[in-house]
Protein chains: 2
Amino acid sequence: MSDLAAALDTVGARWALLVVERLLDGPQRYGDLQRDLGVPTNVLATRLRELEAAGVLTRLPLRHNTRAYALTDRGLALREAIVALARWGAEQT
Amino acid sequence: MSDLAAALDTVGARWALLVVERLLDGPQRYGDLQRDLGVPTNVLATRLRELEAAGVLTRLPLRHNTRAYALTDRGLALREAIVALARWGAEQT
DNA sequence: GGTCGACACTTGCAAAATGCAAGTGCGACG
DNA sequence: CGTCGCACTTGCATTTTGCAAGTGTCGACC
């Protein structure tokens, strides 16, 4: 499997990169991600589980039933790729 | 819609970026893409149609019922993003 | 002139992913 | 004790993806 295929295998699912992009601004809570992105709640829960399993993000317990999601170093390393893709998306010629 | 969401809207579908990556090496024929990538033929046909409609690639007629797919400038502009993603995928720490 | 093979798809259908709406558990607060 | 906010889960319809087989066309060969 090529390197690109490997990358897409972990962050190629729908909403995955958008979640990571949102977390580039710092840790966010579940409800914030849901409202900001408009992602269906069950899909968000699935993605967060997958991205955590892939070592892209971690859960930070805040209070009782409140936690925040934060990028790991591996997650932060996606910044370049996300910026490149976003710039391409902005060039609607 | 954010720039990233716009980008993913056109190249976020499964196999789309892998097709583009393959075309970075130069124009390829349908059968080549299919064999090299292992993508299901109906999905490949759909992606090529979508990517052509999005202005990412064009069809080059070669002989009778043979044509090649080549990236447009807009398609070539994806190189940076693809390289960044592939490098991230290669860093399996 | 008929047959065969290569090429680029299309079609039919099953499986998986996604989306929507409603429901669940649980601690805090009144 | 009841209600609220938060982080999910669950059930089900819709869409996407994948697999296998079939179609049309043209050139080469017999």
Side-chain angles (χ1 to χ4, degrees), chain A residues 1-2 4-23 25-54 56-72 75, chain B residues 1-2 4-23 25-54 56-72 75:
Chain A
M1 187 160 69
S2 78
L4 179 59
L8 293 176
D9 217 51
T10 70
V11 293
R14 204 160 299 181
W15 298 106
L17 275 183
L18 291 168
V19 168
V20 175
E21 183 194 34
R22 197 70 198 74
L23 293 181
D25 288 350
Q28 308 286 333
R29 288 174 307 160
Y30 187 95
D32 295 337
L33 291 170
Q34 189 178 318
R35 276 182 289 275
D36 293 350
L37 297 175
V39 48
T41 175
N42 55 346
V43 174
L44 179 56
T46 303
R47 287 299 165 272
L48 291 173
R49 242 183 282 126
E50 294 165 347
L51 291 173
E52 187 187 14
V56 171
L57 54 81
T58 49
R59 282 161 211 254
L60 305 178
L62 296 187
R63 280 173 304 286
H64 68 295
N65 55 350
T66 301
R67 37 194 153 287
Y69 293 90
L71 294 179
T72 60
Chain B
M1 188 160 69
S2 78
L4 179 59
L8 293 176
D9 217 51
T10 70
V11 295
R14 204 160 299 182
W15 298 105
L17 274 184
L18 290 168
V19 168
V20 174
E21 183 194 33
R22 196 71 198 72
L23 294 181
D25 288 348
Q28 307 285 333
R29 289 175 307 162
Y30 187 95
D32 294 338
L33 291 170
Q34 190 179 318
R35 275 182 290 275
D36 293 351
L37 298 176
V39 47
T41 176
N42 55 345
V43 174
L44 178 57
T46 303
R47 287 298 166 272
L48 290 173
R49 240 183 283 124
E50 293 166 347
L51 292 173
E52 187 187 14
V56 171
L57 53 81
T58 51
R59 283 161 211 254
L60 305 179
L62 295 187
R63 282 174 303 285
H64 67 294
N65 55 348
T66 301
R67 37 195 153 289
Y69 293 90
L71 294 179
T72 60

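Residue numbering restarts at 1 for every chain, and letters A, B, ... go by the order of the sequence lines.
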Per [X] side chain, nearest of listed nucleotides [options]:
X: B:Thr66; options: C:dC7, C:dA17, D:dT17; answer: C:dC7
X: B:Asn42; options: C:dA28, D:dC19, D:dT9; answer: D:dC19
X: B:Arg29; options: C:dA8, C:dT18, D:dC19; answer: C:dA8

Using a cut-off of 4.0 Å on non-hydrogen atoms, how would the nucleic acid contact of [X] be classed: base, sugar-phosphate, or nothing?
X: B:Arg59; answer: sugar-phosphate
X: B:Thr41; answer: base
X: B:Arg67; answer: sugar-phosphate

I need the [atom1]-[atom2] distance between [X] and [N], as an integer number of Å.
X: A:His64; N: D:dC6; atom1: NE2; atom2: P; value: 9 Å
X: B:Arg47; N: C:dC9; atom1: CZ; atom2: P; value: 15 Å
X: A:Leu37; N: C:dC20; atom1: CG; atom2: P; value: 14 Å
X: B:Tyr30; N: C:dC9; atom1: OH; atom2: P; value: 6 Å
X: B:Arg35; N: C:dA6; atom1: CZ; atom2: P; value: 10 Å
X: A:Leu18; N: C:dT18; atom1: CG; atom2: P; value: 13 Å
X: B:Leu57; N: C:dA8; atom1: CG; atom2: C1'; value: 15 Å
X: A:Leu44; N: C:dA17; atom1: CG; atom2: P; value: 17 Å

If we count only N and O atoms by modelled type, under 3.5 Å, do the side chains of A:Arg29 and A:Tyr69 hold a donor and an acceptor together? no
Any donor-acceptor pair, under 3.5 Å, between the side chain of B:Asn65 and the base of D:dC26, if you only look at N and O atoms? no
Note, B:Leu44 side chain near B:Leu37 side chain (heavy atom, < 4.5 Å): no
Does the side chain of B:Leu60 reach to within under 4.5 Å of the side chain of B:Arg67, using non-hydrogen atoms? no
A:Arg49 side chain near D:dT9 phosphate (N/O to OP1/OP2, under 4.0 Å): yes
Looking at A:Trp15, does any N or O in its side chain come under 4.0 Å of the phosphate oxygens OP1/OP2 on C:dG19? yes
What pair of heavy atoms forms the shortest contact from B:Val20 to B:Leu71, and how long is it? O-CD1, 3.8 Å
Between A:Ala54 and A:Thr10, what is the shortest heavy-atom contact and its length? CB-CB, 4.4 Å
Ranking A:Arg14 and A:Gln34 by the position along DNA chain D of their nearest nucleotide, the one closer to 5' is A:Gln34
